[in-house]
Structures are given as structure tokens and as C-alpha cells.
Asks: 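The structure under discussion is supplied below as C-alpha cells; questions concerning it will follow.
No hydrogens, no waters, no symmetry mates; every other heavy atom, side chains included, goes into these values. Each residue takes its place number in the sequence, starting with 1.
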Amino acid sequence: MSVSEIKDSYAEYADCMHRLEWIDRAVLGRYRQARFGDVEGRVLDVACGTGTNFRHVPETVDLVGIDISPAMLENAAEQLTEQGIDGTLKEMDAQDLEFADDSFDAVISALSTCTFPDPIAALHEMERVCKPDGTIRLVEHGRSDIGPIATYQEWRADAHYGKTGCRWTQAPRELVSEAGLEIQDSTTGLFGTITTFEITPSQCGER
Ligand SMILES: C[S@@+](CC[C@H](N)C(=O)[O-])C[C@H]1O[C@@H](n2cnc3c(N)ncnc32)[C@H](O)[C@@H]1O
């Protein structure tokens with residue numbers, strides 16, 4: 001799917017995703033909390049969607065959220081108000097971030113690389129805008145390591161992609177490695193469908 005098709009698709013789902021956030025909290029809340037609960041300083045949430053991550057970052061952070069979908073960002077604005085967070089939201093493509101190098105102490109993102117047309121470019125952008133002594137935290141989903149679940153995912157992969165633009169059989173660990181990012185810590189959960197990462201940005205600065 002192209003970026004504009006993804007935008008259209010999320011315009012359709014935004015309100016529903018916002019309403020069903022309680023399910024996400026019950027299922028994924030602990031993974032988000034474990035990865036995002038200790039970030040500090042100026043924090044960028046890439047593809048923030050309806051702002052599901054916002055309740056999982058400390059309220060002291062200086063939060064910036066970007067997403068390609070204006071409809072998702074409208075819901076994210078409500079989430080900022082609900083959480084009492086003084087954050088900033090911008091419509092932006094994760095593959096071409098409009099921030100200077102080394103702008104953020106932490107870059108977080110959840111359930112996003114599966115939807116980016118070029119996830120490697122987006123991961124490189126996250127690394128570029130993160131300070132060398134900062135941290136990149138991801139909560140990603142992908143192909144299960146449990147046979148019957150993986151078989152179901154493979155069976156429905158094309159239909160799921162056609163509807164949502166989400167590649168739910170992606171392999172997040174391989175993706176992060178392919179991007180050349182240094183994984184400091186990683187966990188898997190939810191029957192092998194969720195992988196979380198703590199990544200140290202490259203000390204070289206330039207890629
Ligand atoms: C499955 S939702 C996840 C939203 C949120 N991070 C969460 O965890 O609930 C994927 C999000 O990626 C956004 N997205 C897709 N492609 C994008 C791109 N190229 N740049 C920025 N955001 C994008 C979509 O608009 C959508 O909000």
C-alpha cells in the first residue's frame with residue numbers, strides 16, 4: 001500500500017481504534033509499560049496513532065507524537081488531554097522525519113514497522129533523530145513462533161494486508177538487524193507475536 005492508501009485506511013479505523021483501546025490496554029498494556037515506562041526528556045512517538053502509548057510514558061516527558069493519518073492524530077489529541085500531558089502532535093511520514101539529527105532523548109514506537117512501506121528507512125530515521133546517548137524503544141508484532149498461530153497468520157496475511165496495510169507475518173528481530181541497529185535488550189510475548197526492543201543508537205552519528 002502507498003502512504004496515501006494507508007492514510008485512507010486509517011481514516012476509516014481511527015475512531016474505532018480509539019474506542020477499542022481498552023482491549024489494547026488489557027492485552028498489550030504491560031508490554032508498552034515495560035518498554036516505555038522509564039523514558040525521559042524529549043520523547044518522540046513515531047506513528048503514535050490514537051496515542052495509545054501516551055499513558056505508558058512518565059508524565060514528566062516532553063512528548064512529540066507524529067503520524068501520517070490526521071484522523072488518528074485527532075484521537076491522539078484527545079488522548080493527550082485525557083492524560084493531562086502537554087505534548088505536540090504533527091502529521092509526518094516516519095520514513096522522512098522533519099527533525100534535525102540528535103533531537104530526542106528517546107524515540108518510541110509501537111505496532112508500526114508492519115505498516116511502513118519502507119520500514120528500514122523508518123528505523124534509520126528513528127536512529128538519526130535520536131541522540132547517540134539516547135534510547136530507541138519498540139513494541140512490534142509479527143509472525144508467531146507457535147505453529148498453528150503462524151499457519152493462521154500466513155493463511156490470512158494477504159487479506160489482512162489488503163484491508164489494513166499491515167504485514168502481520170513480518171519478523172521484527174530480522175528487520176531491526178537488517179537495519180543495522182544495535183539491540184541492547186529484546187523480549188517476546190503473547191504467543192511469540194509481540195517482540196519488544198531496547199536499541200542503542202549508533203555512536204557513529206552518520207549512516
Ligand atoms: C497499527 S497503528 C499503531 C498506532 C500506535 N502506535 C499504537 O501502538 O496503537 C499504525 C499507525 O502507523 C501509522 N502510519 C502508517 N504509515 C505511516 C508513515 N509512513 N508515517 C507515519 N505514520 C504511519 C498509521 O497511520 C497508524 O496510526
Side-chain angles (χ1 to χ4, degrees), residues 10 13-69 72-89 94 104-116 119 122-123 126-127 129-130 134-145 149 164 166-168 170-173 175-176 181 183-201:
Y10 278 96
Y13 295 125
D15 290 346
C16 177
M17 285 179 81
H18 188 51
R19 270 199 311 279
L20 296 181
E21 236 167 59
W22 62 273
I23 299 178
D24 181 287
R25 271 207 296 286
V27 179
L28 297 180
R30 63 198 163 112
Y31 299 104
R32 296 180 193 265
Q33 188 63 37
R35 269 299 170 229
F36 306 144
D38 65 343
V39 294
E40 294 175 339
R42 189 163 189 242
V43 177
L44 175 65
D45 186 349
V46 175
C48 65
T50 58
T52 315
N53 289 334
F54 296 171
R55 68 175 59 240
H56 298 290
V57 298
E59 54 189 28
T60 48
V61 301
D62 175 9
L63 186 64
V64 179
I66 71 103
D67 199 281
I68 202 72
S69 161
M72 295 293 268
L73 287 171
E74 271 175 36
N75 285 285
E78 276 179 40
Q79 187 75 253
L80 279 183
T81 310
E82 276 168 32
Q83 300 302 319
I85 298 174
D86 186 18
T88 311
L89 300 173
F104 294 92
D105 299 293
V107 177
I108 69 171
S109 193
L111 315 183
S112 63
T113 54
C114 55
T115 318
F116 300 145
L123 288 169
M126 292 183 206
E127 185 183 33
V129 302
C130 190
T135 181
I136 301 169
R137 307 288 181 89
L138 306 176
V139 173
E140 288 301 322
H141 76 110
R143 190 180 189 277
S144 173
D145 51 10
I149 299 176
T164 62
C166 162
R167 297 176 295 272
W168 75 351
Q170 73 162 353
R173 206 182 300 272
L175 191 68
V176 168
L181 302 185
I183 301 171
Q184 200 167 326
D185 186 50
S186 176
T187 63
T188 53
L190 208 64
F191 309 109
T193 60
I194 293 292
T195 312
T196 81
F197 299 94
E198 177 176 352
I199 292 164
T200 310

Asks: Leu73 and Ile66: which non-hydrogen atoms are nearest, and at how many Å?
Replies: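 So the two residues come closest at CD2-C, 4.4 Å.
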
Asks: Run Arg173 and Thr188 through side-chain contact (heavy atoms from CB on, under 4.5 Å) and show every step you take.
Replies: CA-CA 10 Å; Arg173 206 182 300 272; Thr188 53; 3.2 Å; yes

Asks: Would you please say whether a donor-acceptor pair under 3.5 Å links the side chains of Arg35 and Thr196?
Replies: yes

Asks: Measure the OG1-CZ distance between Thr113 and Arg167 for me, rounded to the nearest 0.5 Å.
Replies: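 Separation between the atoms: 7.5 Å.
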
Asks: Looking at Ser109 and Asn53, what are the two nearest heavy atoms and their distance?
Replies: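 So the two residues come closest at C-ND2, 4.4 Å.
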
Asks: May I ask you to check whether over 12 heavy atoms, not counting those of Glu82, lie within 6.0 Å of atom CD?
Replies: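 More than 12 heavy atoms, drawn from other residues, nucleotides or ligands, come within 6.0 Å of this atom.
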
Asks: Please report the shortest heavy-atom distance between Asp105 and Glu40, naming the atom on each side.
Replies: CB-O, 3.4 Å

Asks: Which heavy-atom pair separates Thr164 from Thr115 by the least distance, and what is that distance?
Replies: O-CG2, 4.4 Å

Asks: Tell me whether Thr193 contacts the main-chain N or O of Gly142 through its side chain, where contact means a donor paired with an acceptor under 3.5 Å.
Replies: no

Asks: Is it true that, when you exclude Glu78 itself, more than 12 heavy atoms of the residues, nucleotides or ligands shown sit nearer than 6.0 Å to its CD?
Replies: yes

Asks: Might you point out which heavy atoms bring His141 and Cys114 nearest each other, and give the distance in Å?
Replies: NE2-SG, 3.2 Å

Asks: So, Arg32 versus Thr52: side-chain donor-acceptor pair below 3.5 Å or not?
Replies: no

Asks: Going by side chain to side chain contact (heavy atoms under 4.5 Å, CB included), Ile108 matches just one of Val61, Ile136, Val57, Thr135. Which one?
Replies: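 Going through Val61, Ile136, Val57, Thr135 one by one, the side chain to side chain contact (heavy atoms under 4.5 Å, CB included) with Ile108 is satisfied by Val57 alone.
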
Asks: Take Asp24 and Leu111, measure what side-chain contact (heavy atoms from CB on, under 4.5 Å) needs, and give me the verdict at the end.
Replies: CA-CA 11 Å; Asp24 181 287; Leu111 315 183; 4.2 Å; yes

Asks: Could you give me the CA-CA distance, side-chain angles and deciding distance for Val43 and Phe36, then say whether side-chain contact (heavy atoms from CB on, under 4.5 Å) is met?
Replies: CA-CA 10 Å; Val43 177; Phe36 306 144; over 6 Å; no

